[in-house]
A.B. asks: 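The structure that follows is given in the form of C-alpha cells.
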Amino acid sequence: MKIFVAKNSGFCKGVQYAVNTALSLETGNAYVLGEIIHNAEVVKAINDKGLKTVDSLDEVPDGSSVVFRSHGVPKSFYGECMRRNIKIVDCTCGFVKRTQKIVEEQNASGNHIVIVGEPTHPEVVGLLGWCNGNATVVSSADAIPEFLFDKNLCVVSQTTFSARNFEKIIKNIRKLCEKTVAVFETICYTTIERQTETEELAKNCEAMLVVGGLNSSNTNKLYELALKYCANVFRLSSAADLDYSKIKKFKSVGIVSGASTPNAQTREVLLKMEENTEVKATNSMADVVAKIDNESKFKKGQLVQATISQATEEGLQILLPFSKKEIALSKDELDCEQYSVEEYEEKIGETIDLLVVELKPSLKLSQKMIRMLKEEEALSAEIEAGKEFSVVCTGTNKGGLVSQLGTYSVFVPAKEIRPGFVKDLTKYEGKTLRLRALEIRKTGKKEIIASQRVILQEEHEAREAAKSAKEEEFFASVAVGDIVAGKVERATNFGAFVSVNGFDCLAHISDLSWTGVDSVKDVLEIGKSYEFKVLKIDKENKKVSIGYKQLQPQPWDLAEGKYNVGDIIHGKVVRIVPFGAFVEVEKGIDGLVHVSQISYERIETPASVLNVGDEVDAKIIAFDVDAKKMNLSIKAILPEPERVPRAPKNENGEEKENRKSRFTRRDNSEDELSTWSEGSISGTSIGDLLANAKSNK
C-alpha cells in the first residue's frame with residue numbers, strides 16, 4: 001500500500017493563529033464566541049484549559065474578555081463590547097476581514113450584496129452584519145432569486161466555499177442579471193489549494209481518507225470533491241473512526257485534512273495504520289510520519305503541549321505528542337525563578353505549554369518565551385488597532401527613546417515624546433512611557449515606531465472639552481442669589497477657591513466674615529464643605545464670586561437682648577472723628593461717644609483726651625438695633641462734679657473778689673453740651689477722671 005498525504009494539511013494560518021491565541025489567554029474570565037474551530041478535540045482542549053465556549057454575546061459578562069474566532073462576527077458586536085467594557089481578542093481571519101470590508105463599502109455604494117455560501121455558516125452570518133442585512137445568500141447555481149435580475153450586484157463568497165460551485169453560480173448570475181455585477185473572488189487561496197490537491201489525489205488513488213471535524217464546512221467540501229473522482233472515500237473525524245479492514249485491499253490511499261484539522265489527528269491516523277503488521281511489511285510508513293513531523297508538525301512561534309518525563313540537573317526531558325523520543329528542555333528555558341530538580345520530579349507526568357523557538361539545526365522549545373508570545377499576540381490584535389501600551393525606556397539615541405516589547409524593539413522619536421521640545425532625553429531613562437503605535441515593522445528587524453505625544457495631546461483635548469461642557473452645564477444651572485454647596489480646595493491671601501459642582505469659585509476674604517479676618521483659615525477649613533451664596537456671575541470671563549458671611553448672622557442681629565440701655569460696656573477706641581469717638585463694643589458692633597459725652601468739662605476735640613487703641617468703660621445711653629446704632633457715654637459713669645454757688649455781685653455788677661472758684665453749667669438734656677469754666681471739680685482734674693474711666697472695667 002502506498003500512502004499519499006496532501007501537502008496542504010493541518011491548520012491554515014488563520015485557524016492556527018486563533019487556536020494559539022486562545023490557548024495563550026489567561027483563564028478564568030475569558031470566553032470564546034462559538035467553537036474556535038469545527039473540531040471537537042481542539043474545542044475540548046481549549047475548554048479544558050479554562051476558556052468557556054458560549055453561543056451568544058449575551059452570555060459574556062461585562063468587563064471580561066471574548067475571543068472572536070476566525071469566522072468573524074457582525075460589526076455591531078464590536079460596539080456592544082465597547083459599551084459593556086468587554087475586551088475583544090479578535091482572531092478574525094485576514095481573508096474574512098477583507099470580505100467584510102468589501103461588503104461594507106459596496107453596500108454603502110448602493111449595490112445589493114450577494115454572498116455565495118451556506119446561509120447558516122458563522123462566516124456568512126457575520127458578513128450579513130456588515131451590510132445591515134442588505135444581502136442575499138446563494139448556495140447553488142439553480143437557486144438564484146428573480147428579484148436580483150434588475151439590481152446592481154456585488155458578489156462575494158464564503159472563504160471556504162467550493163471554487164467550482166462558485167464559478168457555476170457566477171456564470172448563472174452574469175447570464176440572468178441585466179445590470180452591473182461586480183464579482184470579488186474571496187475564497188481563501190489555501191482553500192483553493194486544498195481543493196485542487198484533493199482533486200488530484202482522488203483521481204490517482206484507489207481510496208481517500210478525509211480527516212477532520214464532521215461539522216467542518218471546508219472538510220466536508222473536500223469530502224464531496226473527493227467523491228466526484230474516487231469511489232472509495234472515507235470520512236474520519238479522528239483515528240478512532242478508521243477501520244483498517246476497509247482499506248487494506250487498496251494499493252494506494254490518499255489522505256487529506258481540512259483547515260480546522262490539527263496535524264496531530266492526521267498523524268494519529270497514520271500511526272494507527274502503522275500498527276498494522278501488513279503495512280509495516282509492505283510500506284515505509286515511518287518515512288511518511290517523519291515527513292509530516294518534519295514538514296508540518298512544528299512551526300516557529302507555535303505553542304505545543306509536552307509531558308514531563310524526567311528532571312535532571314541540566315533541565316527536563318519531555319515527550320511531545322505522537323513522539324516516542326524524549327527531547328531535552330534546558331532549565332534556562334523554564335518559566336521559574338529558581339530551578340529545583342526535586343520540585344520538578346514531583347511534576348513528572350504533568351503537561352506544560354512550550355513555545356517553538358527554533359527549528360534548525362535542531363528543535364528548540366521554551367516555556368519562559370510564552371510570555372513574550374502573549375505580548376506579540378497582543379501587538380497584532382490590539383496595538384495595531386491603536387490601543388495604548390506601556391514600556392520602560394531603556395536608553396536613548398540621537399533621534400529619541402528606545403525600549404523593548406517582547407521581540408519588538410520600540411523607538412519613540414524625540415518629537416513624539418510630548419507636546420513641545422524635549423531638550424534632555426536622558427531624564428526619561430527608566431521611566432514608564434505610555435505609547436500608541438505609529439508604525440509596526442514585522443519583516444526584517446521587528447520594530448514599533450510609537451508616540452506618547454498623541455496620547456497626552458488627546459487627553460489634554462479631552463479634558464478641555466469635558467471642562468468646557470461642564471462649565472456650560474454649570475453656568476446654565478447657577479444664578480445670583482443661589483445657595484450652593486462647595487468644597488474648599490485652596491486658600492490664598494485674598495480669599496478661598498471653592499469647588500462648586502466641579503467649578504472653581506472665589507470666596508473673597510472680605511465675604512467670609514462680617515467682622516473681618518486676617519486669614520481664610522480663621523473661618524474655613526481646607527477640604528471641608530460649606531454652604532455659600534452666589535454673589536456675582538461673569539460667564540464671559542468664567543468667574544463666579546460667592547460669599548460665606550452672607551449666610552451667617554451679623555453681630556447686630558444678635559445684639560438685641562444682649563445689650564440694653566443703661567448697661568456698662570468695656571471697649572476700645574477704634575477711630576476718632578471731630579464729633580466724637582467710636583468704641584468697638586465687640587467685633588462688628590461700634591458705639592459712638594459723642595464729644596459731649598466724653599467729659600463734664602468742655603473739650604475742644606475728642607483727640608485731645610482720647611487716642612485710638614484706648615480701652616474705656618462707657619454706659620449705653622441709646623440703642624437702636626434696626627438702625628444699627630449705639631450711643632455711649634463716658635461721663636455718665638464719672639462722678640458728677642460739685643456745684644459751687646455763683647458769687648454775689650457788688651453794686652457795680654461785679655463778683656466779689658474773695659470767691660475761690662467759679663463755674664457755670666447749663667443742663668437742658670442728657671445729650672446737650674455742658675460747659676465748664678475755670679477751676680477744678682472737687683480738686684480732681686479732668687485728665688484724672690478720664691484716666692479712671694479708661695481703667696475701670
Side-chain angles (χ1 to χ4, degrees), residues 63 85 418-419 431-432 434 455-563 569-572 574-575 582-591 613 615 625-630:
N85 194 29
R418 63 172 176 80
K431 300 287 183 65
T432 298
R434 300 171 54 210
I455 296 174
L456 300 179
Q457 194 165 315
E458 285 176 3
E459 290 179 343
H460 173 73
E461 291 171 356
R463 285 194 299 270
E464 289 300 310
K467 180 181 176 184
S468 178
K470 202 166 187 179
E471 287 174 352
E472 286 295 324
E473 182 182 354
F474 174 77
F475 281 108
S477 64
V478 71
V480 172
D482 286 354
I483 308 301
V484 296
K487 181 180 178 182
V488 181
E489 297 291 348
R490 58 191 186 280
T492 67
N493 58 359
F494 56 83
F497 283 96
V498 180
S499 176
V500 178
N501 293 332
F503 186 84
D504 266 4
C505 303
L506 174 64
H508 196 273
I509 196 166
S510 62
D511 289 312
L512 298 183
S513 173
W514 292 109
T515 60
V517 291
D518 295 325
S519 169
V520 169
K521 295 179 181 179
D522 293 339
V523 180
L524 304 176
E525 184 179 336
I526 305 297
K528 195 172 179 180
S529 295
Y530 303 85
E531 285 192 336
F532 298 86
K533 186 173 184 178
V534 179
L535 306 178
K536 183 180 178 182
I537 297 175
D538 184 353
K539 186 175 180 181
E540 183 177 349
N541 294 308
K542 299 188 184 328
K543 293 181 180 179
V544 175
S545 298
I546 56 176
Y548 179 72
K549 74 178 185 181
Q550 286 77 9
L551 300 180
Q552 312 305 317
Q554 298 186 40
W556 279 100
D557 297 335
L558 304 175
E560 189 170 8
K562 185 177 181 181
Y563 299 104
I569 60 89
H570 182 78
K572 181 187 292 185
V574 289
R575 63 186 185 282
F582 286 92
V583 175
E584 183 183 67
V585 178
E586 65 173 66
K587 284 286 186 180
I589 298 180
D590 291 348
E615 293 188 10
V625 173
D626 294 335
K628 298 181 181 179
K629 289 184 179 180
M630 181 185 289

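A quick note: this is a predicted structure, and the numbers were derived from the prediction, not measured.
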A.B. asks: Is there a side-chain contact between Val520 and Leu512 in this structure, where contact means two heavy atoms from C-beta onward sitting under 4.5 Å apart?
C.D. replies: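 In contact.
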
A.B. asks: Crowded around Asp538 CG? As in, over 12 foreign heavy atoms under 6.0 Å?
C.D. replies: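 More than 12 heavy atoms, drawn from other residues, nucleotides or ligands, come within 6.0 Å of this atom.
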
A.B. asks: Do Gln552 and Tyr548 come close enough that some side-chain heavy atom pair is under 4.5 Å?
C.D. replies: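 Sidechains of Tyr548 and Gln552: in contact.
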
A.B. asks: May I ask you to check whether over 12 heavy atoms, not counting those of Glu473, lie within 6.0 Å of atom CD?
C.D. replies: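 No - once you tally the heavy atoms of other residues, nucleotides and ligands closer than 6.0 Å, there are 12 at most.
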
A.B. asks: Could you check whether atom CD of Gln554 has more than 12 heavy atoms from other residues, nucleotides or ligands sitting under 6.0 Å from it?
C.D. replies: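 More than 12 within 6.0 Å, yes.
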
A.B. asks: Should the pair Arg434-Glu459 be classified as a salt bridge under the 4.0 Å nitrogen-to-oxygen rule?
C.D. replies: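 Salt bridge flag = yes for Glu459 with Arg434.
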
A.B. asks: Indicate yes or no: at least one non-hydrogen side-chain atom of Asp590 is less than 4.5 angstrom from one of Val574.
C.D. replies: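 With C-beta onward as the side chain, the pair touches.
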
A.B. asks: If you measure from NZ on Lys628 to CG on Asp557, what distance do you get to the nearest 0.5 Å?
C.D. replies: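 Between Lys628 NZ and Asp557 CG, I get 6.5 Å after rounding to 0.5 Å.
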
A.B. asks: Taking the six-membered ring for Trp, are Phe494 and His508 parallel (under 30°), tilted (30 to 60°) or perpendicular (over 60°)?
C.D. replies: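 Plane angle between 30° and 60°, so tilted.
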
A.B. asks: Look up atom OG in Ser477 and atom CD in Glu472, then write down how far apart they are to the nearest 0.5 Å.
C.D. replies: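 With rounding to 0.5 Å, OG (Ser477) is 11.0 Å from CD (Glu472).
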
A.B. asks: What pair of heavy atoms forms the shortest contact from Asp511 to Ile546, and how long is it?
C.D. replies: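 That would be CB-O, 4.1 Å.
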
A.B. asks: Drop me the distance from Lys549's NZ to Ser510's OG, to the nearest 0.5 angstrom.
C.D. replies: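 Separation between the atoms: 6.0 Å.
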
A.B. asks: Which heavy-atom pair separates Trp514 from Pro555 by the least distance, and what is that distance?
C.D. replies: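 Here Trp514 and Pro555 meet closest at CB-CD, 3.8 Å.
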
A.B. asks: Can you tell me which residue among Lys542, Arg490, Lys487 is in a salt bridge (Lys or Arg N to Asp or Glu O under 4.0 Å) with Asp504?
C.D. replies: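 Of Lys542, Arg490, Lys487, salt bridge (Lys or Arg N to Asp or Glu O under 4.0 Å) with Asp504 is met by Arg490 alone.
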
A.B. asks: Walk me through whether Val625 and Glu560 qualify under side chain to side chain contact (heavy atoms under 4.5 Å, CB included).
C.D. replies: CA-CA 6 Å; Val625 173; Glu560 189 170 8; 3.8 Å; yes

A.B. asks: Any idea which heavy atoms bring Ser499 and Glu489 closest together, and the distance?
C.D. replies: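 Nearest pair, atom of Ser499 first, then Glu489: CB-OE2, 3.4 Å.
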
A.B. asks: Report the distance from atom CD of Glu615 to atom CD of Glu584, rounding to the nearest 0.5 Å.
C.D. replies: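 Those atoms lie 10.5 Å apart.
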
A.B. asks: Are Glu525 and Lys521 close enough that some pair of their side-chain heavy atoms sits under 4.5 Å apart?
C.D. replies: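 No, every pair of side-chain atoms sits at 4.5 Å or beyond.
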
A.B. asks: Does the side chain of Val534 reach to within under 4.5 Å of the side chain of Val544, using non-hydrogen atoms?
C.D. replies: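 The answer is yes, as the side chains (C-beta and beyond) meet within the 4.5 Å cut-off.
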
A.B. asks: Should Met630 and Ile589 count as side-chain neighbours, where that means a heavy-atom distance under 4.5 Å?
C.D. replies: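 They are in contact (side-chain heavy atoms under 4.5 Å apart), so the answer is yes.
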
A.B. asks: Are any of the side-chain heavy atoms of Lys562 and Glu586 separated by less than 4.5 Å?
C.D. replies: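 Of all side-chain heavy-atom pairs linking Glu586 with Lys562, at least one is under 4.5 Å.
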
A.B. asks: Quick check: closest heavy atoms across Tyr530 and Val523, and the distance to 0.1 Å?
C.D. replies: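 Heavy atoms only, the tightest pair is OH-O, 4.3 Å.
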
A.B. asks: Between Lys539 and Glu471, is there a salt bridge with N-O shorter than 4.0 Å?
C.D. replies: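 Lys539 and Glu471: not salt-bridged.
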
A.B. asks: Quick one: does Leu535's side chain get under 4.5 Å of Val480's, heavy atoms only?
C.D. replies: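 No, every pair of side-chain atoms sits at 4.5 Å or beyond.
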
A.B. asks: Using 0.5 Å steps for rounding, measure from the CD1 atom of Ile537 to the CZ atom of Phe475.
C.D. replies: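 Going from CD1 on Ile537 over to CZ on Phe475, the span is 7.5 Å.
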
A.B. asks: To the nearest 0.5 Å, tell me how far Leu551 CG sits from Lys533 NZ.
C.D. replies: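 It comes to 7.0 Å.
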
A.B. asks: Minimum heavy-atom separation for Gly591 to Val585, with atom names?
C.D. replies: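 Nearest pair, atom of Gly591 first, then Val585: N-CG2, 4.1 Å.
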
A.B. asks: Heavy atoms only: give me the nearest Ala507-Phe532 pair and the separation to one decimal.
C.D. replies: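 For Ala507 versus Phe532, the nearest heavy atoms are CB-CE2, 4.3 Å.
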
